[in-house]
Chemist: 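For reference, the structure I am asking about is given below.
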Amino acid sequence: DAGVTQSPTHLIKTRGQQVTLRCSPKSGHDTVSWYQQALGQGPQFIFQYYEEEERQRGNFPDRFSGHQFPNYSSELNVNALLLGDSALYLCASSLGDPFLPLDGYTFGSGTRLTVV
Amino acid sequence: AQKVTQAQTEISVVEKEDVTLDCVYETRDTTYYLFWYKQPPSGELVFLIRRNSFDEQNEISGRYSWNFQKSTSSFNFTITASQVVDSAVYFCALSGYGNEKLTFGTGTRLTIIP
């Protein structure tokens, strides 16, 4: 049973460019959340997608946008990249049921984005 | 607003010693979840435990145990007889009831010295 898959693993972009990160949720999961983890910090919630709609959003600017597809996979887009956007971007999947299953959220290994 | 504090930035212990990782949280919710995750160098967050706010029973899983005390808003994690494979960054996290966002602490880097 495949867990959460993220691509690419590593990415280097130039300041001002745009980037798209991809996530395939764990089999059976329908909800995808994205987190940003700066070096030495805990992950920070960006947003969550359920039924192809953004359901919750953290304190991130509009440069951060996302999408969820009918097969539950998701993309995270970041426009006008800043040096401060350099981080590990983690995707987590879960079931949309309000009563969270025992194992909660399943995380992928992340995409390491470096902005130069 | 929710907040999780992990005051211990780094801990080093010699293999086979016991070690406790502290976690203190703040929330206005009456029902919530608490989590511990392990992050090895590969980057993936590995789920260790989820606790419901209404269940204060402590839990043991092999060498791992968790002490949840609602009165002090703490959810501490103890590794007994530590092993080198336990070396990682450990995160405590909090969420509202349901599919709510996770609020993480800043993590504790645990190094087990052979």
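Scope of the values below: all heavy atoms of this structure, side chains included, with no hydrogens, waters or symmetry mates. Sequence lines set the chain letters: A, B, ... in the order given, protein chains first and strands last, and positions in each chain run from 1.
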Chemist: Is the CD atom of A/Q44 crowded by more than 12 outside heavy atoms at less than 6.0 Å?
Modeler: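 Open: at most 12 neighbouring heavy atoms sit under 6.0 Å from CD of A/Q44.
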
Chemist: Evaluate the side-chain proximity of B/F91 to A/P43: yes if any heavy-atom separation is below 4.5 Å, no if none is.
Modeler: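 Touching, per the 4.5 Å side-chain cut-off.
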
Chemist: Considering residues, nucleotides and ligands other than B/K16, do more than 12 of their heavy atoms fall under 6.0 Å from its NZ?
Modeler: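 No, the 6.0 Å shell around NZ holds no more than 12 heavy atoms from other groups.
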
Chemist: Group every Ile, Leu, Val, Met, Phe, Trp and Tyr by side-chain heavy-atom contacts under 4.5 Å, then state whether A/Y49 and A/L95 land in the same group.
Modeler: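 No: no chain of side-chain contacts under 4.5 Å links A/Y49 to A/L95.
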
Chemist: With a 6.0 Å cut-off (strictly less than), is the heavy-atom count around CG of A/L83, excluding the residue itself, greater than 12?
Modeler: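 Above 12, so yes.
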
Chemist: Can you tell me how far CZ of B/F104 sits from CG of A/L90, rounded to the nearest 0.5 angstrom?
Modeler: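 If we round to the nearest 0.5 Å, A/L90:CG and B/F104:CZ are 8.0 Å apart.
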
Chemist: Side chain, backbone, both or neither: which part of B/Q6 has a non-hydrogen atom closer than 4.5 Å to chain A?
Modeler: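 It is neither, since no heavy atom gets under 4.5 Å.
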
Chemist: Under 4.5 Å from any heavy atom of chain B, what part of A/Q37 do you find: side chain, backbone, both or neither?
Modeler: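 It is the side chain, since no backbone atom gets that close.
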
Chemist: Among A/G58, A/G40, A/G108, A/G110, who wins on heavy-atom pairs under 4.5 Å with chain B?
Modeler: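 Heavy-atom pair counts peak at A/G108.
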
Chemist: So do the side chains of A/Y35 and B/L102 get within less than 4.5 Å of each other, counting heavy atoms only?
Modeler: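 Contact flag for A/Y35/B/L102 side chains = yes.
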
Chemist: If you define the side chain from C-beta out and look only at heavy atoms, does anything of B/E100 sit under 4.5 Å from A/Q56?
Modeler: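 In short, these two side chains touch, coming nearer than 4.5 Å.
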
Chemist: Between atom NZ of B/K101 and atom CD1 of A/I46, what is the distance when rounded to the nearest 0.5 Å?
Modeler: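 Rounded to the nearest 0.5 Å, the NZ-CD1 separation comes to 12.0 Å.
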
Chemist: In terms of relative ring orientation, are B/F35 and A/Y105 parallel, tilted or perpendicular, with 30° and 60° separating the classes?
Modeler: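 Because their plane-to-plane angle lies in the 30° to 60° range, the rings of B/F35 and A/Y105 count as tilted.
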
Chemist: A/L82: what forms a side-chain contact (heavy atoms from CB on, under 4.5 Å) with it, not counting sequence neighbours?
Modeler: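 Scan of A/L82 (side-chain contact (heavy atoms from CB on, under 4.5 Å), adjacent residues dropped) gives A/R63, A/D85.
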
Chemist: Using non-hydrogen atoms only, which part of B/S42 is less than 4.5 Å away from chain A: side chain, backbone, both, or neither?
Modeler: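 For B/S42, the contact with chain A is made by the backbone alone.
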
Chemist: Counting neighbours of CZ on B/R109 that are heavy atoms of other residues, nucleotides or ligands and sit closer than 6.0 Å, is the number greater than 12?
Modeler: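 No, the 6.0 Å shell around CZ holds no more than 12 heavy atoms from other groups.
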
